[in-house]
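Take a look at the structure below.
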Amino acid sequence: MNFEEKTLSEKNVFDGKLIKVTVEEVETPKGLKAQREIVHHAPAVAILALTADHKMILEKQWRSPIHDTTLEIPAGKVDSRDSRDALHAAKRELNEETRLKAGTIKKISSFYTSVGVLDEFMTLYLATDLTPVENKLPQDRDEQLVLEKVTLDEALKMIDEGQIEDAKTIMAIYYWRGMTNHG
């Protein structure tokens, strides 16, 4: 079965600092014409950072799209400082947001964050053997973060109680549970 849609036209409707939005007119395999609204975003990284005392690092921060604070794992976009290298971006973001470096960092998985409207491709890493950085990288001027450390049981409870609703963070916590053969 053929699923591929043929793009008939594409119009750029917004080009901002973080995203670009286009509207495509497509022809479906059945010959129907349809409109697709697409948000383009740089590749991104997220880090499940586990401390020596078996806690994960979460960041509390304001998120304008939902007009609320969230609890999330450290994350950020792959940008010009990283030369398209997601691992470099993960190490940089860990430094910027937590002031820690990982003795061991490994890729868990890569995934699209919301394929219905967004082309963002994220790579999730596991960072362990954490130690304070010697050279602190500058933090984003417009970010205000408060770090929290929680156990796996606390994190799972926070998901159940709706305190953690961020998809990448939930994925990381369930991965952590699988690593520990917990529950």
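Just so you know, these numbers use all the heavy atoms, side chains as well, and skip hydrogens, waters and symmetry mates. For the single chain, residues carry numbers from 1 onward in sequence order. All of these numbers come straight from a predicted model, not from anything done at the bench.
- R99 CZ: more than 12 foreign heavy atoms inside a 6.0 Å radius.
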### Task
Go through the steps for E5 and R36 under the test salt bridge (Lys or Arg N to Asp or Glu O under 4.0 Å), then give the verdict.
CA-CA 10 Å; E5 296 179 343; R36 304 291 184 237; 2.6 Å; yes

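- Summarising the geometry of A172 relative to L48, their closest heavy-atom pair is O-CD2, 3.6 Å, with the distance given to 0.1 Å.
- Looking at K149 and D53, no side-chain N of the basic residue comes within less than 4.0 Å of a carboxylate O on the acidic one, giving no salt bridge.
- Taking the side chain to side chain donor-acceptor pair (under 3.5 Å) definition, one finds that R63 meets it with E72, sequence neighbours left out.
- A distance-only check finds a donor-acceptor pair linking the side chain of Y125 to the backbone of L87 [under 3.5 Å].
- Contacts of V146 classified as side chain to side chain contact (heavy atoms under 4.5 Å, CB included), with partners at least two apart in sequence or in another chain: K60.
- Here the closest non-hydrogen pair linking T113 and E120 is OG1-OE1, 2.7 Å.
- Checked by atom type and distance alone, the side chain of D140 never pairs as donor or acceptor with a backbone atom of D142 at under 3.5 Å.
- Other residues, nucleotides and ligands contribute at most 12 non-hydrogen atoms within 6.0 Å of the CD atom of E37.
- Looking at heavy atoms from C-beta onward, E165 lies out of side-chain contact with T70 at the 4.5 angstrom threshold.
- At most 12 non-hydrogen atoms from other residues, nucleotides or ligands lie less than 6.0 angstrom from CD of E4.
- Listed by chain and number, the residues in a side chain to side chain contact (heavy atoms under 4.5 Å, CB included) with S110 are K107, F121, T123 (sequence neighbours excluded).
- Side-chain atoms of E97 come within 3.5 Å of backbone atoms of A75 as a donor-acceptor pair (strictly under, hydrogens ignored).
- Salt-bridge formation is detected for the pair K168/D166: a Lys NZ or Arg NE/NH1/NH2 atom is positioned less than 4.0 Å from an Asp or Glu carboxylate oxygen.
- Every side chain to side chain contact (heavy atoms under 4.5 Å, CB included) that V39 has, sequence neighbours left out, goes to I19, V21, L118.
- By the neighbour-count criterion of 12 heavy atoms within 6.0 Å, atom CD of Q144 is sparsely surrounded, having that number or fewer from other residues, nucleotides or ligands.
- Residues passing the side chain to side chain donor-acceptor pair (under 3.5 Å) test with E154 are T151, sequence neighbours excluded.
- Considering every non-hydrogen atom in both I47 and I73, the closest pair reads O-CB, 3.3 Å.
- Screening residues 33-57 for ring pair (Phe, Tyr, Trp, His ring centres under 6.0 Å), with sequence neighbours left out, gives no hits.
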